[in-house]
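Scope of the values below: all heavy atoms of this structure, side chains included, with no hydrogens, waters or symmetry mates.
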Amino acid sequence: MDLLREIGRSLRELLLRLGTLIRRHWKLFLFIALAIGLVFLVFFVQKRCQYRSYRVISSQKLDDASGTGYQLFQNNILAYNTDGNSYMTTAGDLLWSQSYQMSSPHLDAGDVYAVIYDRGGTGIYLFSKEGNRAHITTNLPVAEAKVADNGSIAVLMQNDKVGYLHLYNADGNLTASGEVHLETTGYPVSIAISQDGQRLALALADVSGGKAHSRLQIYDFGAAGKNADKHIVASFDYDDSLIGEIAYVKGGNLAVYTDKKILLYHNHTKPGLLNELPVEGQIRSVYFNQSYFGYVTTSTNVAGQNTLYLYTFNNRGRRVSRAQIDMSYNRVEMLANNEIALYGDKRLEIYNLAGTRKFSGDLKSAVGAVIPGSGSRDYLFVREGSLDHARLK
């Protein structure tokens with residue numbers, strides 16, 4: 001009882017002192033409360049604001065050829081086409097360029113390195129922000145290439161009956177290789193490489209006999225896969241389902257997009273299923289970056305009407321937003337600020353992680369890339385022939 005009385009007396013003294021402190025400095029406490037409230041108000045308004053138009057603050061002429069692709073890389077812009085690539089600041093100032101000849105150039109960019117490869121050809125170029133790091137010429141046509149943060153490049157090649165996996169280091173030297181026999185395993189559809197370059201995932205599909213079947217194989221080229229047969233540390237089969245694309249996200253988890261569900265695998269010594277996400281409707285497009293992934297689906301109601309929905313998840317598979325889409329789009333992309341851009345012919349929509357349609361408007365001409373600027377309403381619109389600094393209004 002004495003102990004309880006002592007605790008009660010101490011608590012009363014503490015409350016009296018706190019009350020005296022508040023009475024003496026009530027203006028300071030009021031200022032702090034108002035400041036905190038203002039921060040939350042600004043955050044809420046930014047998450048809920050919607051814009052219908054924009055104004056161009058400044059414009060820079062670009063001399064890139066028709067069909068040029070653009071990607072934000074290391075806070076600058078990497079432009080690429082069939083004749084070569086260039087690296088420029090967001091103000092349009094050229095930093096360096098590299099010439100090459102490709103029929104179908106494709107880009108995969110990470111946080112540190114970017115790789116440009118000729119799909120169906122044999123040329124592969126590795127770049128850092130300083131310029132070209134390595135040039136690789138393969139002996140078979142390249143189907144896909146992915147780059148890790150340490151510069152490792154995973155390359156999928158194939159001929160009529162055999163698929164080949166090659167792993168190169170940042171100097172362009174071959175460090176590992178393997179074969180996939182299509183008659184026994186299926187047709188390779190997608191590859192992914194972990195951020196540290198240790199693990200390579202391969203998705204295979206088989207529709208022989210009129211029945212769909214998919215397989216996911218995970219290779220480890222580090223200590224975990226040293227004694228594994230062909231470096232394969234895990235293999236998963238899916239009956240009556242087809243894998244469309246796979247991608248590693250932040251933390252090493254692997255996202256697997258199938259036609260019926262999204263599977264998320266952890267990157268432990270022995271990879272296993274972390275989360276299984278059922279798909280509501282039919283997947284039309286997918287998007288992802290290091291922190292989030294998502295997809296656009298088409299759902300049909302009882303009247304036969306189709307509606308598009310956008311779903312976004314964090315890297316552990318928790319859904320963070322769902323939004324209905326009303327526009328007809330050509331492609332979808334997750335931006336560097338974790339917003340989602342939907343591109344139409346001359347129309348653009350931008351959604352934030354809260355699922356709010358932040359921008360919806362018509363454009364004067366088609367935009368090849370949208371790059372977030374320094375302010376919440378500022379963006380770079382990269383068009384054919386110009387780089388426009390735009391502000392939403």
Side-chain angles (χ1 to χ4, degrees), residues 56-119 121-137 142 144-155 168-172 193 195 197 287-290 331 333-339 341 343 365-375 378-390:
V56 176
I57 300 172
S58 63
S59 184
Q60 178 74 27
K61 183 180 179 182
L62 298 179
D63 296 325
D64 294 324
S66 176
T68 298
Y70 301 91
Q71 175 72 42
L72 182 66
F73 175 62
Q74 295 272 345
N75 298 319
N76 293 303
I77 301 172
L78 185 60
Y80 62 101
N81 55 40
T82 57
D83 297 321
N85 72 307
S86 59
Y87 192 56
M88 58 186 170
T89 67
T90 53
D93 299 322
L94 180 65
L95 297 173
W96 50 259
S97 62
Q98 172 71 47
S99 61
Y100 54 69
Q101 291 295 317
M102 293 186 182
S103 298
S104 181
H106 283 69
L107 168 73
D108 181 59
D111 291 337
V112 184
Y113 291 94
V115 64
I116 298 176
Y117 62 98
D118 192 8
R119 179 172 289 178
T122 58
I124 302 172
Y125 286 82
L126 177 68
F127 298 95
S128 68
K129 65 179 181 180
E130 284 80 22
N132 183 28
R133 281 293 307 270
H135 174 212
I136 300 166
T137 302
V142 176
E144 192 173 12
K146 295 293 179 68
V147 67
D149 287 345
N150 66 352
S152 296
I153 308 170
V155 181
Y168 299 87
N169 61 20
D171 296 321
I193 189 169
Q195 283 79 26
Y287 55 89
F288 49 83
N289 62 11
Q290 294 292 314
R331 63 188 178 93
E333 176 188 20
M334 194 152 208
L335 305 179
N337 63 352
N338 297 325
E339 294 177 340
Y343 299 84
S365 60
V367 169
V370 174
I371 298 173
S374 56
D378 296 331
Y379 294 87
L380 294 177
F381 290 170
V382 187
R383 311 174 190 269
E384 187 174 307
S386 70
L387 176 64
D388 296 338
H389 292 248

**Q.** Working for side-chain hydrogen bond (donor to acceptor under 3.5 Å, both in side chains), residues S59 and D388
**A.** CA-CA 4 Å; S59 184; D388 296 338; 2.6 Å; yes
List the residues meeting ring-ring contact (aromatic ring centres under 6.0 Å, His included) with [X], not counting sequence neighbours, and say none if there are none.
X: Y80; value: none
X: Y125; value: Y100, H135
X: Y379; value: none

Of all heavy-atom pairs between [X] and [Y], which one has the smallest distance, and what is that distance?
X: V147; Y: D108; result: N-OD2, 2.9 Å
X: S86; Y: L94; result: CB-CD1, 3.7 Å
X: L335; Y: P372; result: CB-CG, 4.0 Å
X: M334; Y: N338; result: CE-O, 3.4 Å
X: A91; Y: L387; result: C-CD2, 4.1 Å
X: D118; Y: P105; result: OD1-N, 4.2 Å

Once rounded to the nearest 0.5 Å, what's the spacing between atom [atom1] of [X] and atom [atom2] of [Y]?
X: Y87; Y: K129; atom1: OH; atom2: NZ; value: 7.5 Å
X: R383; Y: Y70; atom1: CZ; atom2: OH; value: 12.0 Å
X: I371; Y: D378; atom1: CD1; atom2: CG; value: 13.5 Å
X: I116; Y: Q98; atom1: CD1; atom2: CD; value: 9.0 Å
X: Q71; Y: N85; atom1: CD; atom2: CG; value: 12.5 Å
X: F381; Y: S386; atom1: CZ; atom2: OG; value: 11.0 Å

I'd like to know if the side chain of [X] reaches the main chain of [Y], judged simply by a donor and an acceptor atom lying under 3.5 Å from each other, with no hydrogens or angles considered.
X: Q74; Y: D111; result: yes
X: H389; Y: Q60; result: no
X: H106; Y: S104; result: yes

Side-chain contact test, heavy atoms from C-beta onward, threshold under 4.5 Å: evaluate it for [X] versus [Y] and give yes or no.
X: I153; Y: K146; value: no
X: V370; Y: Y343; value: yes
X: S128; Y: V112; value: no

Q. Are L72 and L380 close enough, and set up right, to give a side chain to side chain contact (heavy atoms under 4.5 Å, CB included), and what steps lead you there?
A. CA-CA 10 Å; L72 182 66; L380 294 177; over 6 Å; no
(Q) Determine whether I136 and Y117 satisfy the following criterion, side chain to side chain contact (heavy atoms under 4.5 Å, CB included), listing intermediate values before the conclusion. (A) CA-CA 9 Å; I136 300 166; Y117 62 98; over 6 Å; no
Q: Please assess E384 against L62 for the test side chain to side chain contact (heavy atoms under 4.5 Å, CB included), listing each intermediate value before the final yes or no.
A: CA-CA 7 Å; E384 187 174 307; L62 298 179; over 6 Å; no
Q: Could you walk me through whether V142 and R119 pass side chain to side chain contact (heavy atoms under 4.5 Å, CB included), step by step?
A: CA-CA 5 Å; V142 176; R119 179 172 289 178; over 6 Å; no
